Amino acid sequence: MVNQDRIHFGCAPIAWTNDDMPELGEKNSFEQCISEMALAQYTGTEIGNKYPKEPDVLKRYLEPRNLQVASAWFSSYLTTKPIDETIESFIEHRDFLHQMGAKVIVVSEQGHSIQKVDTPLFEEKPIFTDDEWDKLTHGLNTLGDLANEKGMNVVFHHHMGTGVQTTEEIDRLMQNTDPQKVFLLYDTGHLFLSGENLEDIYFKYQERIKHIHFKDIRGNIAKDVKENKDSFLTGVKKGVFTVPGDGAIDFKPIMKAIFESDYRGWIVVEAEQDPAKANPFEYAVKAKKYMDDIIPSGNPV
Ligand SMILES: O=C1C[C@@H](O)[C@H](O)[C@@H](O)C1=O
Ligand SMILES: [Co+2]
């Protein structure tokens with residue numbers, strides 16, 4: 001199978017409107033967002049808070065623009081709340097994504113997360129206890145079973161400011177979950193900002209990686225965020241994240257590794273920054289051009 005049939009490029013709405021900080025891009029409309037993604041030659045999207053909630057309505061907007069739903073974020077609280085609460089909201093989310101034709105469900109553990117809290121990102125990340133790790137890994141296996149019921153997969157999102165951020169934490173999560181039930185989302189921006197080795201992690205988990213987020217890091221701003229003890233969201237507002245090709249990450253070896261592996265699925269450009277400073281359409285176009293340029297030769301997309 002040629003790569004154009006197995007690897008697809010999507011774009012996340014977070015560059016137009018940021019669900020964590022609705023004041024960023026509040027005037028950008030849903031239709032502007034999806035029309036600009038399509039114009040920039042993406043064929044998939046994730047879901048933002050301005051998207052219609054009813055599958056039939058959303059399909060009516062996406063189909064004429066040749067956009068599919070790649071996935072959508074789900075916050076689990078397996079370490080801090082009764083599992084039944086997570087299961088109930090997960091099933092609703094799973095069924096919506098299933099109706100939209102998505103194959104993977106992005107799950108991030110938000111128990112003790114400082115992602116949305118005004119706390120120094122590099123000093124205060126949570127560290128799970130052994131008991132919390134057990135709750136998390138057992139709970140994820142349960143969510144994995146629920147996803148598999150619909151022919152879908154859970155892809156776990158390691159994330160800055162959460163209990164699963166570093167290589168050691170990703171290793172522990174992968175080792176203690178069932179490889180048939182829990183897969184990995186590979187997010188370049190979070191790995192780089194955390195100081196992890198991107199290629200090592202790709203090679204180690206290539207069989208379990210079923211969804212990819214591409215974002216780049218502005219090195220000077222990352223340094224500033226660290227020195228100023230800024231929070232995650234302050235870092236975003238300062239512009240720590242940008243699109244692939246615009247920052248410090250070398251995406252060429254990563255793209256090569258992805259195309260030479262058996263990866264099938266989406267590469268979603270997900271670069272949250274202030275749309276008033278970084279025009280989302282211009283950055284989406286720039287990212288697509290950069291990615292097309294670095295696809296290893298012999299793999300037209
Ligand atoms: O996948 C993601 C979804 C966002 O809400 C999150 O904060 C971002 O950093 C991310 O990687
Ligand atoms: Co991400």
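One-based numbering, in listed order, for ligands and for the atoms of each. Positions are given from 1 along the sequence. Since we're looking at a predicted model, the values are computed, not measured.
Here His159 pairs with Trp73, His157, His190, Phe232 under the ring-ring contact (aromatic ring centres under 6.0 Å, His included) rule; sequence neighbours left out.
Contact residues of ligand 1 (protein heavy atom closer than 4.0 angstrom to a ligand atom; sorted by chain and number): Ile14, Asp20, Trp73, Gln115, His157, His159, Asp187, His190, His213, Lys215, Phe232, Glu270, Glu272.
Between Phe90 and Phe74, the distance separating the two ring centers is shorter than 6.0 angstrom. Taking the six-membered ring where the residue is Trp, the centroids of Tyr205 and Tyr186 are separated by 6.0 Å or more. Here Phe9 and Tyr42 keep their ring centres 6.0 angstrom or further from each other.
Residue Asp246 is tested with Lys215, Lys289, Lys286 for a salt bridge (charged side-chain N to carboxylate O under 4.0 Å, His left out); the sole match is Lys286.
Distances shorter than 2.8 Å separate the Co ion (ligand 2) from the protein N/O/S atoms His157 NE2, Asp187 OD2, His213 ND1, Glu270 OE1.
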Sequence neighbours excluded and cut-off under 3.5 Å, please list the side-chain donor-acceptor pairs for residues 54-61, or say none.
unit_1	atom_1	unit_2	atom_2	d
Lys59	NZ	Gln99	O	2.9

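Note on Asp20 versus Lys116: salt bridge recorded, some NZ/NE/NH1/NH2 to OD/OE distance being below 4.0 Å. A salt bridge is defined here as a Lys NZ or Arg NE, NH1 or NH2 lying under 4.0 Å from an Asp or Glu carboxylate O, and Asp171 with Lys204 meets this definition.
Cluster annotation: Leu185 and Met255 are assigned to distinct hydrophobic clusters (Ile/Leu/Val/Met/Phe/Trp/Tyr, side-chain heavy-atom contacts under 4.5 Å, transitive).
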